[in-house]
Amino acid sequence: MKKIVIAEDEAFMREELALILEKQGYEAYALRSFEHPVDEIIRQKPDLVLLDVNLPGMNGFDICRELKKRGIGPVLILTSRDSMKDEIRGLELGADDYLAKPCRSERLAALIENLLRRYEVNRNILDGGDFRYDRNTHTLFHNGASFLLPDNPGIILGELMAASCETVTKEHLSSTLWGTMEYIDENALQVNMTRLKKTLSGLGLAYHIVTVRGKGYRFIRNIGEEQV
């Protein structure tokens, strides 16, 4: 079941949206606190985010920008503002589409279905900020060129990018690569990680992978993001 997060502070609209989504067979999760909206949305691991612009504290445009930095999508901006300027701004910040309130439930459902279908087709293409990565073919696209990674380093990169900036443990990576932790020398993982880092370094992308001491590794999309 696809999970959709609703970021809407008006209670009646929030409940109405949740009801529409549940009738369409989606799992709806509505934010009720907006103190740390970006972190809460990311924790829910949504398949799609319905995002209002006029929110208390951090506005929807800023939330959209931060979600896209973390590789979250699709994001559908849903707002009472009916301004071309606002629409363009939202799309420039990475929103996948824009729908003015009030809207017909049929139109909302069709738009959500279209966005989910579009992302399903492209779900193996991961956005690294300054490069893209096809985790299905282990192909990295950067500066107009493509680079094929060996299988194991490629799998590692895909797992780190798919984690949306969260730490991926060494145990998880080893299990993904070899299906078990038994009889696996920890150096085997380190060898493959070193090969991956060397490849990224050669492309000027070395800063994307950081070591989280005692835990594992984390992928960051942009220079300046907090590193552990």
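- The hydrophobic cluster of Leu148 has no other members, since no ILVMFWY side-chain heavy atom comes under 4.5 Å of it.
- Using a 4.5 Å cut-off on side-chain heavy atoms (C-beta onward), Met193 and Leu173 make contact.
- Side-chain contact check for His208 versus Leu160: every heavy-atom pair is 4.5 Å or farther apart.
- Each of Arg135, Lys170, Arg218 was compared with Glu159 under the salt bridge (charged side-chain N to carboxylate O under 4.0 Å, His left out) criterion, and only Arg135 meets it.
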- Task: List the steps, then state whether side-chain contact (heavy atoms from CB on, under 4.5 Å) holds for Leu116 with Glu113.
- Result: CA-CA 5 Å; Leu116 289 172; Glu113 183 179 355; 5.9 Å; no
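- Considering only residues two or more places apart in sequence or on other chains, Asp47 meets the salt bridge (charged side-chain N to carboxylate O under 4.0 Å, His left out) condition with none of them.
- In terms of heavy atoms, Ala109 sits closest to Gln24 at CB-CD, 3.8 Å.
- Expressed to the nearest 0.5 Å, how far CD of Glu22 lies from CD1 of Ile4 amounts to 10.5 Å.
- In this structure the side chain of Leu78 reaches within 4.5 angstrom of the side chain of Leu17, judged on heavy atoms.
- Contact of the Phe219 side chain with the Glu166 side chain is not registered, since no non-hydrogen atoms from C-beta on lie closer than 4.5 Å.
- Evaluation of the side chain to side chain donor-acceptor pair (under 3.5 Å) test over residues 2-21, restricted to residues two or more places apart or in two chains, returns Lys2-Glu120, Lys3-Gln44, Glu8-Lys101, Glu15-Arg32.
- The main-chain N or O of Glu171 is never found under 3.5 Å from a side-chain atom of Ser175 such that the two would form a donor-acceptor pair.
- Alongside Phe12, the hydrophobic cluster contains no other residue (criterion: ILVMFWY side chains under 4.5 Å).
- Residues meeting the side chain to side chain donor-acceptor pair (under 3.5 Å) test with Asp127, sequence neighbours left out: Arg221.
- Using a 4.5 Å heavy-atom threshold, the side chains of Leu108 and Leu50 count as touching.
- Trp178 and Leu157 fall within a single hydrophobic cluster, where Ile, Leu, Val, Met, Phe, Trp and Tyr side chains are chained together by heavy-atom contacts under 4.5 Å.
- The shortest distance between side-chain heavy atoms of Ile112 and Leu21 falls below 4.5 Å.
- Applying the side-chain contact (heavy atoms from CB on, under 4.5 Å) criterion to Leu111, with sequence neighbours excluded, gives Leu76, Asp97, Leu99.
- The distance from the CG atom of Asp130 to the OH atom of Tyr207 is 3.5 Å, given to the nearest 0.5 Å.
- For the side-chain contact (heavy atoms from CB on, under 4.5 Å) test, residues two or more places apart in sequence or in another chain that qualify with Ala163 are Val168.
- Between His172 and Tyr217 there is no side-chain heavy-atom pair separated by less than 4.5 Å.
- Hydrophobic clustering (side-chain heavy atoms under 4.5 Å, transitive across Ile, Leu, Val, Met, Phe, Trp, Tyr) keeps Ile6 apart from Leu19.
- In this structure, Val75 shares a hydrophobic cluster with Val5, Tyr29, Leu31, Phe34, Val38, Ile41, Ile42, Val49, Leu51, Leu55, Met58, Ile63, Leu67, Ile72, the cluster being traced through Ile, Leu, Val, Met, Phe, Trp and Tyr side chains under 4.5 angstrom apart.
- Lys68 pairs by the salt bridge (charged side-chain N to carboxylate O under 4.0 Å, His left out) definition with Asp96, not counting sequence neighbours.
- For the pair Asn192 and Pro153, the tightest heavy-atom approach, listed with the atom from each and the gap, is OD1-CD, 3.6 Å.
- Transitive grouping of hydrophobic side chains (ILVMFWY, heavy atoms separated by less than 4.5 Å) keeps Leu196 and Phe141 in distinct clusters.
- Shortest non-hydrogen contact noted between Tyr133 and Gly154 is OH-O, 2.8 Å.
- Interatomic distance, Ile155 CD1 to His138 NE2, rounded to the nearest 0.5 Å: 5.0 Å.
- In this structure, Arg195 and Pro150 have side chains that are in contact, with non-hydrogen atoms separated by less than 4.5 Å.
- Arg65 pairs by the side-chain contact (heavy atoms from CB on, under 4.5 Å) definition with Asp62, Lys69, Leu93, not counting sequence neighbours.
- Of the inter-residue distances, the one linking Leu149 atom CG with Asp134 atom CG reads 10.5 Å to the nearest 0.5 angstrom.
- Legend: residues meeting side-chain contact (heavy atoms from CB on, under 4.5 Å) with His142, ordered by chain and number and at least two apart, are Phe131, Leu140, Phe147, Leu203, Leu205.
- Every salt bridge (charged side-chain N to carboxylate O under 4.0 Å, His left out) that Arg104 has, sequence neighbours left out, goes to Glu106.
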